[in-house]
Trainee: 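Just dropping this structure here.
Residue numbering restarts at 1 for every chain, and letters A, B, ... go by the order of the sequence lines.
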Amino acid sequence: MSFMLKRIYDGFLYKPDKLQIHPLVGIVIISIQFGFLILNKNWVLALLLIFIIFENVIFKNIRGSLSILWALLPILIFLGGLTYLFGGWEITYRVLMRLLVGGLGFSFFFSIVNPSDLTRSFEKLKIPTKIALIPSLALMMIPRIAKDAEDTFTTLKIRGEIKGFFLRWLPRVFAVFIASIIYRSEFLAQSLYFKGLGIQRRTHYRKISFRWVDLFRLLIWTCFIISFIFIDKYDLFYFFN
Amino acid sequence: MLQINDLTVRYMTSNEDALKHINFEASKGEFVVIAGPSGSGKSTLAQILMTLIPNFTEADISGEITYNGISFKELTREKLVSLLGYVPQYPSDFTTSLLVEEEIVFLLENLALDSEEILSRLNQVLAELEISSLRRRVIPELSSGELQRVFLASALAFAPPIIILDEPIARIDPKTEVKLVELLRKLADSGHLVIAFEHRLDYIVTKADRLVILKQGEIVSDGHPSNNIDLLEEIDPPELSLIDFKDKEKIISLEGQADLKRIISRIKNVDISELFKLNNETSKDTAISLNKVDFRYNNKTEWILKDVDLQFKKGESIGLMGINGCGKSTLMKIILGIEKTSKGEVWIKGRKIKNVRKGKKDCIYVPENAKLFLVGPTPLRDLERQLRNNVEVIEIYNKFKMQKLMKRKLYHLSEGERRLFALINSFYFQEDIILLDEPTIALDKKGRRILLELVETAKENGNTVILATNDPRIVTSLDRLVVIENGDICLNGPPRDVLYELEKHTNLIPNQTVRYILKLEKETGISLPRILNPKEFNFLLKEAE
């Protein structure tokens, strides 16, 4: 469990030294991916995965994506086995592909989108700060909660609290973890209070501009949509369905 | 002017007043240090001033706080935010961004400052606190000391009229401590009111205008530090450090204070060689061995530890020291198997370790965030999980005079009390190796005394105790001090010699006690131990008599 949490933290952490993408472009593309993810077409899932792997490779998020793959591995094996036993290979394929596409897609999104820039972009669109901050805080909290959970788990392990059958210790770990999330949320609220969130219209210390790389990403996903339309129209992957 | 009139606070969850009839006045340009034992109401007062109580914590409050005659209740939030800057006790709980520079500018952006102004203040404060290299770092990957400096930067970047700091130097290394205190002095001189709640008083009181002492929720003393420093003796003494005031010099010991001339006349008659015989009895058996250990975090180019060779013996107490972010906590995590070495081997009691072993325990570890260690709802229940014997647990707490607090809910304890319970409980896990990360944060004199007592008992039982700390008040009482610099072990030996070398050659960590000893040597013309810990100092005085 500890290795999963550690890899979730690695895979979902913003990496400032990596290539930066305009947050709105990131949001648009993750929405496109999510939209296609819920389509019930097997070949679309394969195509999505290929495009996401391609992006992870060319934008050098290999370590992040491998971390997520490692974190997902036990879930993939467990759910894969379960769905194969009760639903056959097609359901197994869809479940596993959706997990992989979701995990890798979000890992890439988290690693290149600065949560604070996301707030600034929403504020530029005249969305009130208190609402604009919600997705940013969510992006920030996910790796932090994974880190808290890892620290909690490690400390309990060192204390010798984690031994025996997992159902004996899991509820205890979960309770401590939930308590730490509540605690962190409380302090976050206090911090936002004394740091003056929402007292007036915020200024931004730097501008977020569109760059060539954003256009390049949009181009990649435009190619994806065109490929989808083309393949779907001529039913090129009929053997897949 | 900030005024507190007859302030009394009682938490809804308590039957006792946390603060009782507090009357306090402070003007701009003052640098006020508020000290007191754990649970005396320091953090409550800080949170009342920040209006976090009663906005976030329910409490009965009577009395009034005013600024220039206007009650805080009448001030809008915008005015309060522009008036008060705050550095909390546990910065890691209060982060709002992932990047260091984003965290610093968050308040400035909320206050709608111009982008050029924000950038200029950001650059200035990063340079002043020497954290420019952290600018693009991700906050969860900072050490606690680095994060404390980031939060200080966040408060100082805006520099509001009143700056409130809750234990600002608890996690930072002594070199940064000096710089920070100078900076706070500069801020006060430029017209800000600086209020610091602090336990580590050695240096900060020398620069403060006022020292306010809180005890059991009441102000027992308020005045210039030179006038009421004696009262700290029973509350939170700076132990064996020089308090360097303009016109007189004092040395404070656990026994009491003595002037320089008296000390010198006593020392001249003492056989100093006796002193070197103390603390030299350690076992030859190795408990932990690190062989050529290299470590760096995933995908990072810089090495945190490089080619580290270290041995820790059974029955030995060792301090790990070094500037913030030097790798003290990382070294502990490597010993625990939480972090894997890039190269090299770690052996514990003759077994090579790979990772944290489930159910196979040799080590116990209290992290810097002591909240993580305690899992029971109360300290008593937490230790009962381990010892399974209620009578034994109560005896332990009676021994340390902690029985009053042992049934209190963890979240109703002060930070210092919680840490002390975590430390006590950890020593009764009966593990061979005890690792403590920044154990003295928020601890008062009583807490530090209990910690040293626990360390001594553990040593007698043949346990190895490793403490990652920059607190000079505690390291001098240990058997060995290891200093880490640039990923390397730069000094390793008896604390007094190590601290002397630091002062003499590297100037990495200024130490006031070392300076005092050097001064004594010069005046007496005799060679003294480089550092006297309180035990040795008392021995010295006794011998002299």
Side-chain angles (χ1 to χ4, degrees), chain A residues 2-3 9-10 13-17 63-64 67 114-117 120 129 133 136-137 139-140 143-144 147-148 150-152 154-164 172 175-176 179-180 183-184 186-207, chain B residues 50-52 55-56 76-78 80-82 84-86 88 90 93-99 101-102 105-115 118-119 122 136-141 154 298-299 333 336 338 355-359 361 363-365 367 369 371-373 375 385-386 411 429:
Chain A
S2 181
F3 93 92
Y9 167 75
D10 280 343
L13 186 67
Y14 169 59
K15 296 165 184 79
D17 47 346
R63 196 174 187 97
S67 290
N114 180 349
S116 303
D117 281 350
R120 293 188 188 99
T129 303
L133 198 71
S136 158
L137 289 178
L139 284 188
M140 193 193 83
R144 299 219 62 174
K147 179 99 175 147
D148 278 358
E150 188 204 336
D151 289 347
T152 307
T154 307
T155 312
L156 289 172
K157 207 169 182 180
I158 293 164
R159 276 183 61 126
E161 301 268 346
I162 294 171
K163 51 190 169 190
R172 197 180 306 143
V176 175
S180 81
Y183 206 65
R184 186 172 279 285
E186 171 70 15
F187 283 124
L188 180 65
Q190 290 188 18
S191 191
L192 294 175
Y193 171 82
F194 71 74
K195 287 187 175 177
L197 180 81
I199 53 174
Q200 54 184 300
R201 195 174 163 74
R202 271 158 49 93
T203 49
H204 300 152
Y205 82 110
R206 61 187 169 84
K207 283 182 184 162
Chain B
M50 287 307 299
T51 68
L52 294 175
N55 282 320
F56 289 89
T76 59
R77 189 162 151 249
E78 189 179 345
L80 279 171
V81 171
S82 319
L84 303 159
Y86 182 49
Y90 273 90
D93 290 333
F94 288 87
T95 52
T96 51
S97 312
L98 270 181
L99 266 187
E101 66 173 28
E102 307 273 6
V105 302
F106 186 72
L107 172 66
L108 305 178
E109 286 185 329
N110 288 338
L111 289 166
L113 268 65
D114 287 343
S115 56
I118 296 176
L119 272 174
L122 171 69
R136 297 286 296 166
R137 290 268 302 275
V138 180
I139 284 177
E141 299 198 342
S154 172
N298 292 345
N299 218 11
K333 287 178 181 170
L336 288 161
I338 298 172
N355 51 34
V356 186
R357 288 139 293 165
K358 196 186 285 183
K361 300 189 292 169
C363 310
I364 191 74
Y365 168 63
N369 185 354
K371 286 196 291 280
L372 287 176
F373 182 81
V375 295
R385 295 165 77 93
Q386 198 60 31
Y411 292 107
F429 270 63

Trainee: Side chain, backbone, both or neither: which part of A:Arg144 has a heavy atom under 4.5 Å from chain B?
Mentor: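 Contact with chain B involves the side chain of A:Arg144 alone.
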Trainee: Anything under 30° is parallel, anything over 60° is perpendicular, the rest tilted; go ahead and classify B:Tyr86 against A:Phe194.
Mentor: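 The rings of B:Tyr86 and A:Phe194 stand perpendicular, inter-plane angle above 60°.
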Trainee: Do you know which two heavy atoms are closest between A:Leu192 and B:Arg77, and how far apart they sit?
Mentor: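 Smallest heavy-atom distance, with atoms named: O-NH2, 3.2 Å.
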Trainee: Chain A heavy atoms under 4.5 Å from B:Thr51: which part of the residue, side chain, backbone, both or neither?
Mentor: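 Both backbone and side chain.
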Trainee: Within the side chain of A:Thr203, is there an N or O that forms a donor-acceptor pair under 3.5 Å with the backbone of B:Ser115?
Mentor: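 Answer holds: no.
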Trainee: Look at A:Ala175, A:Gly198, A:Ala189, A:Ala179 and state which one has the largest set of heavy-atom pairs under 4.5 Å with chain B.
Mentor: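 Heavy-atom pairs under 4.5 Å are most numerous for A:Ala189.
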Trainee: So which of A:Gln190, A:Arg201, A:Arg120 has the biggest tally of heavy-atom pairs under 4.5 Å with chain B?
Mentor: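 Ranked by heavy-atom pairs under 4.5 Å with chain B, first place is A:Gln190.
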Trainee: To the nearest 0.5 angstrom, please state how far the OH atom of A:Tyr193 sits from the CG atom of B:Leu80.
Mentor: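 So the gap between those two atoms works out to 6.0 Å.
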Trainee: Is chain A contacted by the side chain of B:Leu107, its backbone, both, or neither, given a heavy-atom distance below 4.5 Å?
Mentor: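 For B:Leu107, backbone and side chain are both near chain A.
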Trainee: Drop me the distance from A:Leu133's CG to B:Phe106's CZ, to the nearest 0.5 angstrom.
Mentor: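 Between atom CG of A:Leu133 and atom CZ of B:Phe106 there are 5.5 Å.
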Trainee: What part of A:Leu137 gets within 4.5 angstrom of chain B, counting heavy atoms only: side chain, backbone, both, or neither?
Mentor: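 Contact with chain B: side chain only.
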Trainee: I'd like to know if the side chain of A:Arg159 reaches the main chain of B:Phe373, judged simply by a donor and an acceptor atom lying under 3.5 Å from each other, with no hydrogens or angles considered.
Mentor: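 Yes, A:Arg159 side chain to B:Phe373 backbone: donor-acceptor pair under 3.5 Å.
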Trainee: Quick check on B:Asn55 against chain A: is it the side chain, the backbone, both or neither that has a heavy atom closer than 4.5 Å?
Mentor: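 The answer is the side chain of B:Asn55.
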Trainee: At a 4.5 Å cut-off on heavy atoms, which part of A:Pro16 comes close to chain B: side chain, backbone, both, or neither?
Mentor: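 The answer is both parts of A:Pro16.
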Trainee: Can you tell which part of B:Pro140 gets under 4.5 Å to a heavy atom of chain A, answering side chain, backbone, both or neither?
Mentor: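 Both parts, backbone and side chain.
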Trainee: Can you name the closest pair of heavy atoms from B:Arg136 and A:Tyr14 and give their distance?
Mentor: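 Looking at all heavy atoms of both residues, the shortest contact is NH2-OH, 4.0 Å.
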Trainee: Any side-chain heavy atom of B:Leu111 sitting closer than 4.5 Å to one from A:Ile199?
Mentor: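 They are in contact (side-chain heavy atoms under 4.5 Å apart), so the answer is yes.
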Trainee: With a 4.5 angstrom heavy-atom cut-off, which part of B:Ile139 approaches chain A: side chain, backbone, both or neither?
Mentor: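 Contact with chain A: side chain only.
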Trainee: Any heavy-atom pair between the side chains of A:Asp151 and B:Pro367 that's under 4.5 Å?
Mentor: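 Not in contact.
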Trainee: Please state whether the side chain, the backbone, both or neither of B:Lys371 comes within less than 4.5 Å of a heavy atom of chain A.
Mentor: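 B:Lys371 touches chain A through side-chain heavy atoms alone.
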Trainee: Rounded at 0.5 Å granularity, tell me how far NE2 in A:His204 sits from CD1 in B:Ile118.
Mentor: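 One gets 9.0 Å once the value is rounded to the nearest 0.5 Å.
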Trainee: Of the non-hydrogen atoms in B:Thr96 and A:Lys195, which two are nearest, and what is the gap between them?
Mentor: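 Closest approach of B:Thr96 to A:Lys195, heavy atoms only: OG1-NZ, 4.0 Å.
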Trainee: Is the closest basic N to carboxylate O distance between B:Glu109 and A:Arg206 below 4.0 Å?
Mentor: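 A salt bridge is absent here (no side-chain N lies under 4.0 Å from a carboxylate O).
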Trainee: Below 4.5 Å from any heavy atom of chain A, which atoms of B:Leu98 appear? Answer side chain, backbone, both or neither.
Mentor: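 Both parts, backbone and side chain.
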Trainee: State, to 0.1 Å, how close A:Arg184 and B:Thr95 come at their nearest heavy-atom pair, and which atoms those are.
Mentor: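 Heavy-atom minimum between the residues: NH1-OG1, 4.4 Å.
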Trainee: Relative to chain A, which segment of B:Val375 carries a heavy atom at a distance below 4.5 Å: side chain, backbone, both, or neither?
Mentor: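 Its backbone and side chain both get close to chain A.
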Trainee: Check whether A:Thr152 gets within reach of chain B through its side chain, its backbone, both or neither, counting any heavy atom under 4.5 Å.
Mentor: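 Both parts, backbone and side chain.
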Trainee: Sort out for me which of B:Asp93, B:Val81, B:Asn110 touches chain A most, counting heavy-atom pairs under 4.5 Å.
Mentor: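 Heavy-atom pair counts peak at B:Asn110.
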Trainee: Is chain A contacted by the side chain of B:Ser154, its backbone, both, or neither, given a heavy-atom distance below 4.5 Å?
Mentor: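 Side chain only.
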Trainee: Quick one: does B:Tyr365's side chain get under 4.5 Å of A:Thr154's, heavy atoms only?
Mentor: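 Of all side-chain heavy-atom pairs linking A:Thr154 with B:Tyr365, none is under 4.5 Å.
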